[in-house]
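Just below is one structure, and these are the notes that go with it.
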Number of protein chains: 2
Amino acid sequence: MELRLLGYAVAIAEAGSISGAARRLHLTQPTLSRQLSEMERQLGIKLFVREGRGLTPTQAGQVLVRRAATVLAEAEAALKDVQLAAQGMTGRLTVTFAGSGSTDRSVAR
Amino acid sequence: MELRLLGYAVAIAEAGSISGAARRLHLTQPTLSRQLSEMERQLGIKLFVREGRGLTPTQAGQVLVRRAATVLAEAEAALKDVQLAAQGMTGRLTVTFAGSGSTDRSVAR
DNA sequence: GTGCTTTACGGTATTCGTAACAATC
DNA sequence: GATTGTTACGAATACCGTAAAGCAC
């Protein structure tokens, strides 16, 4: 299960329909429909109930959407953190160059 | 950034080498090497320093590995939770059949 | 030489879009 | 009839393995 699919599920739940979510995700309806089917097939679980116009999440779908939102947020935060760490290394290096005379200048770049 | 790539990074860090991680992941060394390069290219950040035999994570790499392990664990737990929710629905139904006559048997699992 | 990494190349699988069909309001 | 969901088909992309070459010990 990849983050991409989790994002799809969250978008569908928030939009209340596949077509609405597809617009938000810049995808086409058939593509998103197929991805959702594939996801349900992988899990062996029905995540949404098709009812007339849109869809509503099943109980399992609700659990997945809630947990998925957390996971996605953490993944995003993690990547941002990594970017900061990478920039932080540069910053530390600059400081080192400007420093006086400390013996150890290694930064483990 | 997909969970698969995060798992690759964690495995490489834990094994201390691409070949070791590849064995654990049931992949070939070239494949894993390429995936790591692709990951570093996507982020625009060097995650591991190649030094002779194996590799060691940079500071940014350490941050990513630590955070990635958390994300992966949560994603796995989330999926397990979804499975439980799906089974729980069935279970709840069974209890309902066997139960006496309470109006609300919901458990919000 | 042994062990590790990288690059190049080809095959397979996945993902996506377009087109056509079915169903609901 | 307009909107939504699904199925079928083809194209583009991504992933993986094998083969070959470059480095470090």
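To find a chain, count down the sequence lines: A is the first, B the second, and so on, and within it residues start at 1.
- Here C/dA13 presents its P atom at 18 Å from CD of A/E2, a figure rounded to the nearest Å.
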- [ ] Verify side-chain contact (heavy atoms from CB on, under 4.5 Å) between B/L64 and B/M39, making sure each step is shown before the conclusion.
- [x] CA-CA 11 Å; B/L64 181 118; B/M39 192 174 176; 3.6 Å; yes

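- Comparing C/dT15, C/dT18, C/dG17 by their nearest atom to the side chain of A/P30 picks out C/dT18.
- Of the possible donor and acceptor atoms, one in the side chain of B/E2 sits under 3.5 Å from a partner among the backbone N and O of A/L3.
- Side chain of B/S19, nearest nucleotide from C/dC4, D/dG17, D/dG5: C/dC4.
- Contact check for B/L25 versus B/Y8: side-chain heavy atoms found under the 4.5 Å cut-off.
- Here A/G54 lies in heavy-atom contact (under 4.0 Å) with sugar-phosphate atoms only.
- Base engagement by B/T28 is indicated by at least one non-hydrogen atom pair under 4.0 Å involving a base atom.
- Between D/dC16 and B/Q35, a contact under 4.0 Å exists linking OP1 or OP2 to a side-chain N or O.
- We find that CG of A/L27 is positioned 14 Å from P of D/dG5, with the value rounded to whole Å.
- In this structure, the side chain of B/T58 engages the main chain of B/K46 through a donor-acceptor pair within 3.5 Å.
- If you check C/dC16, D/dG17, C/dT6 against the side chain of B/Q29, the one that comes closest is C/dT6.
- With rounding to whole Å, A/R34 atom CZ is found 19 Å from C/dC21 atom P.
- Between A/R4 and D/dA14 there is no side-chain polar atom (N or O) within less than 4.0 angstrom of OP1 or OP2.
- No hydrogens or angles were tested; on distance alone, nothing pairs the side chain of A/S33 with the base of D/dG5 as donor and acceptor under 3.5 Å.
- Nearest heavy atom pair, residue B/A60 against residue B/I45, reads CB-CG2, 3.7 Å.
- Per the geometry, CZ belonging to A/R50 stands 17 Å off C1' belonging to D/dT3, to the nearest Å.
- At the phosphate of D/dC15, neither OP1 nor OP2 sits under 4.0 Å from any side-chain N or O atom of B/Y8.
- Each of B/S37 and B/R23 was matched to the nucleotide of DNA chain C holding its nearest heavy atom; the match closer to the 5' end belongs to B/R23.
- Between the NE2 atom of B/H26 and the C1' atom of D/dG17 there is a distance of 16 Å, given to the nearest Å.
- Within 3.5 Å, no donor on the side chain of A/R53 pairs with an acceptor on the base of D/dT4, nor the reverse.
- Nearest heavy atoms, A/A85 versus B/V63: CB-CG2, 3.7 Å.
- Between the CG atom of A/L25 and the P atom of C/dG17 there is a distance of 10 Å, given to the nearest Å.
- Residues A/G20 and B/Q42 both approach DNA chain D. Their nearest nucleotides, taken by heavy-atom distance, put A/G20 toward the 5′ side.
- Using a 4.0 Å cut-off, no side-chain N or O of B/T31 falls inside it from OP1 or OP2 of D/dC16.
- Atom pair A/L36:CG and D/dG5:P shows a separation of 10 Å (rounding to whole Å applied).
- Counting to the nearest Å, the P atom of C/dC25 and the CG atom of A/L55 are 13 Å from each other.
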